[in-house]
Amino acid sequence: MQSSHTGQHPDISTSSDVLVVGGGIIGLVTAWRAAQRGLRTAVADPEPGGGAAQVAAGMLAAVTELHYGEETLLGLNLASAERYPAFVAELEAVSGRDTGYRACGTLAVALDADDRAHLRELHGFQQRSGLSSEWLSGRECRRLEPMLAPGVRGGLRVDGDHQIDPRRLAAALVTACERAGVIFHRSFASRLTVVRDRASGVVLADGRALSADQTVLAGGSLSGRLAGLPTDVVPPVRPVKGQVLRLSVPGPYAPFLSRSVRAVVRGSHVYLVPRENGELVVGATSEEQGWDTTVTAGGVYELLRDAHELVPGITELPFTEARAGLRPASPDNAPLLGPSALPGLHLATGHYRNGVLLTPVTGDAMADVLTTGELPEVARPFTPRRFSPAPVRQEQPA
Ligand SMILES: Cc1cc2nc3c(=O)[nH]c(=O)nc-3n(C[C@H](O)[C@H](O)[C@H](O)COP(=O)(O)OP(=O)(O)OC[C@H]3O[C@@H](n4cnc5c(N)ncnc54)[C@H](O)[C@@H]3O)c2cc1C
């Protein structure tokens, strides 16, 4: 295995077994797991550890985010949630960094009769799907979380939906990659190189050419924009903007909230995620605005208005940050994992609103496919080929 490099270096190797384009949490976990399996691995990204994880709330919400029509995705979400404790323990031990993982559970509440009916229906769907959640009256919800508005009409207690701090997760993954010998090329990949109908690496924006036996495209919402991708291989991934606020709960008082709390207010989802260090994350808008990441007065207003309806006391808290990020969304809201129709090119993208939750299972699935050529059972339904019926190209002989 090669020694670790953290910055640009003139003698940095330009060839590897695996080259990951994009160093968000998905690219990083792929690189870390691939390097652990003995593959010489490199990542190209101007700012590894950046991306949507700098904005995301970090809810690990397999059960509370159950949606009709997403039963297949539920299997992957649950598989990843199950891996989380061991994944975090290993990552923290290897990196020496805390990830802010908190096994605190989630409470989804209803503010009016319509919300209550909707939550009741979700509860039934969860039960039919074999998931664990408990119906609570409004009073029981407030006993659990005394800061909730008096008008809360009922709720679902889900003790298995936890949280992690995605910024710390990303930082820990960068360190774990460095320690596993992953080479970082801190530059944008401007073009995929294809030789005889096989992906063979990329050309970087700074002009350097990188070669690799296998290239993994993990560019988040930018994945479809890499030049040089054959048209039928371009992943159908689009950006869905989310604005998020951060408040802080001054310590060392009694906790403001002890678990994540969420609701649907006037049709918009709002959640409050309390971190152990006093940070309170309030999210999130969902907007189809292309690659725009402007924080708008309307976005901030709506989030504060809805969160205030849920937990009136938030208006007393110091306001520390407002930021927007882009969820990489696919046509069926599920990720694209594994070989594309172009030999030598894999995809690990389209994780949409569950990318933090799906980090452990994605790392394992990508390491499997990179070492054996086969996706594990749990990841097979998420092959990119479900969107490209075109036959897989045959490589041209050298
Ligand atoms: C507001 C919001 C709230 C969220 N909340 C949650 C949540 O509570 N729970 C949850 O599980 N998920 C959540 N998510 C989703 C989660 O953050 C994403 O699914 C996940 O971060 C996607 O990671 P990624 O690595 O695929 O993409 P990204 O984070 O977008 O990273 C892609 C990286 O690739 C780089 N890149 C792109 N193209 C190139 C190129 N050509 N060359 C080099 N580098 C390139 C980019 O610079 C970037 O660093 C949320 C997202 C948002 C925006």
Side-chain angles (χ1 to χ4, degrees), residues 19-31 42-62 64-65 77 80-81 84 106 161-167 169-170 173-174 184-192 202-206 210 215-229 235 237 239-245 260 262 269 271 273 281-287 291 293 295 299 303 322-330 333-337 347-363 366:
L19 171 64
V20 182
V21 178
I25 48 177
I26 296 302
L28 290 170
V29 78
T30 300
V43 171
D45 192 317
E47 208 185 320
Q54 293 302 314
V55 180
M59 290 179 299
L60 308 175
T64 37
E65 291 222 349
N77 286 344
S80 208
Y84 239 102
T106 298
D161 278 1
H162 302 314
Q163 58 146 311
I164 193 166
D165 184 338
R167 291 177 177 174
L169 169 65
L173 283 169
V174 170
F184 284 100
H185 299 282
R186 290 171 194 268
S187 181
F188 206 71
S190 46
R191 169 169 286 276
L192 181 76
V202 298
V203 176
L204 297 176
D206 62 20
L210 304 179
T215 302
V216 179
L217 179 52
S221 59
L222 289 168
S223 296
R225 301 194 96 185
L226 180 64
L229 284 172
V237 174
V240 176
K241 176 179 173 181
Q243 301 190 48
V244 168
L245 313 177
S260 300
R262 54 191 302 157
H269 290 267
Y271 49 74
V273 180
V281 182
V282 179
T285 64
S286 186
E287 308 163 63
W291 279 272
T293 51
V295 173
L303 287 172
R323 201 158 159 182
L326 301 171
R327 305 173 184 90
S330 74
N333 298 339
L336 292 84
L337 303 174
L347 302 183
T349 186
H351 290 69
Y352 191 33
R353 52 179 143 73
N354 289 317
V356 183
L357 170 62
L358 290 171
T359 295
V361 78
T362 298
M366 294 308 296

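FYI, side chains are in, hydrogens and waters are out, and symmetry mates aren't considered; it's all heavy atoms of this structure. First listed ligand is number 1; within each ligand, the first listed atom is number 1.
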Nearest neighbour in protein (non-hydrogen) for atom 34 (O) of ligand 1: G22 CA, 3.2 Å
Looking only at distances, can you tell me whether any N or O atom of A56, backbone or side chain, sits closer than 3.5 Å to an N or O atom of ligand 1? no
When you compare ligand 1 with D45, is there at least one nitrogen or oxygen pair between them that comes in under 3.5 angstrom? yes
Any T349 heavy atom less than 4.0 Å from ligand 1: no
The closest protein heavy-atom partner of atom 27 (O) of ligand 1 is G220 CA, 3.3 Å
With a 4.5 Å cut-off on side-chain heavy atoms, are Q163 and T106 touching? no
For ligand 1, which atoms have a heavy atom of A218 less than 4.0 angstrom away? 32 (C), 34 (O)
Return the option from G49, A170, G219 holding the heavy atom at the smallest distance from atom 32 (C) of ligand 1. G219
Tell me which one of Q54, H351, R327 gets a heavy atom nearest to atom 51 (C) of ligand 1. R327
Heavy-atom side-chain contact between I164 and T359 under 4.5 Å: no
Got an N/O contact under 3.5 Å between V21 and ligand 1? no
For residues L337 and H351, determine if any side-chain heavy atom of one lies less than 4.5 Å from a side-chain heavy atom of the other. yes
Numbered in order shown, the ligand 1 atoms found under 4.0 Å of a heavy atom of I26 are 23 (O), 24 (P), 25 (O), 26 (O)
Please list the nearest protein heavy atom to atom 45 (C) of ligand 1 with its residue and the distance rounded to 0.1 Å. F188 CE1, 3.8 Å
In terms of residue, atom name and distance, what is the protein heavy atom nearest to atom 19 (O) of ligand 1? Y352 O, 2.8 Å
Which of the numbered atoms in ligand 1 are under 4.0 angstrom from any heavy atom belonging to N354? 10 (C), 11 (O), 12 (N)
Min heavy-atom dist G283 to ligand 1 below 4.0 Å: no
Have a look at ligand 1 and work out which part of Q243, if any, has a heavy atom under 4.0 Å from it: side chain, backbone, both or neither. neither
Do the side chain of T285 and the main chain of Q243 share a donor and acceptor less than 3.5 angstrom apart? yes
Residue pair V202 / F188, side-chain heavy-atom distance below 4.5 Å: no
Does a side-chain heavy-atom distance below 4.5 Å link P335 with L358? yes
Any side-chain heavy-atom pair from F184 and D45 closer than 4.5 angstrom? no
Which atoms of ligand 1 sit under 4.0 Å from any heavy atom of M59? 7 (C), 8 (O), 9 (N), 10 (C), 11 (O)
For G355 and ligand 1, does the shortest N/O to N/O distance drop below 3.5 Å? yes
Do you know which two heavy atoms are closest between L336 and P235, and how far apart they sit? CD2-CB, 4.4 Å
Out of all atoms in ligand 1, which are within 4.0 Å of some heavy atom of G58? Include the element for each. 7 (C), 8 (O)
Quick one: which ligand 1 atoms are inside 4.0 Å of a heavy atom on G325? 53 (C)
At what distance is the nearest protein heavy atom to atom 31 (O) of ligand 1, and which residue and atom is it? G24 CA, 3.5 Å
Of the protein's non-hydrogen atoms, which lies at the shortest distance from atom 10 (C) of ligand 1, and what is that distance? R353 O, 3.1 Å
Looking only at protein heavy atoms, which one is nearest to atom 5 (N) of ligand 1, and how far off is it? A57 N, 3.5 Å
I26 versus T349: any side-chain heavy-atom pair under 4.5 Å? no
Check each of A284, P239, A44 against atom 44 (N) of ligand 1 and report the one with the nearest heavy atom. A44
Where's the contact between P328 and ligand 1, heavy-atom distance under 4.0 Å: side chain, backbone, both or neither? side chain
Considering non-hydrogen atoms only, spot the tightest contact between V273 and M59 and give its length. CG2-CG, 3.6 Å
Please round to the nearest 0.5 Å and tell me the distance separating atom CG of L303 and atom NE2 of H269. 13.0 Å
Got a second to check how far I25's CD1 is from T362's OG1, nearest 0.5 Å? 9.0 Å
Ligand 1-proximal atoms of L357, by part, heavy-atom distance under 4.0 Å: both
If you measure from CG on L60 to CG on D161, what distance do you get to the nearest 0.5 Å? 8.0 Å
Atom 28 (P) of ligand 1 sits nearest the protein heavy atom A52 N, 3.8 Å
Side-chain heavy atoms of Y271 within contact of S260, under 4.5 Å: no
Of all the atoms in ligand 1, which lie at a distance below 4.0 Å from a heavy atom belonging to V244? 1 (C)
Polar contact flag for L222 and ligand 1 (N/O pairs, less than 3.5 Å): no
For A189, the atoms of ligand 1 under 4.0 Å from one of its heavy atoms are 40 (C), 41 (N), 42 (N), 43 (C)
With heavy atoms under 4.0 Å as the rule, classify the contact between V356 and ligand 1 as side chain, backbone, both or neither. both
Minimum-distance pair of heavy atoms, taken over all atoms of A189 and V21: CB-CG1, 3.8 Å
Does G49 offer a backbone N or O that forms a donor-acceptor pair with the side chain of Q54 under 3.5 Å? yes
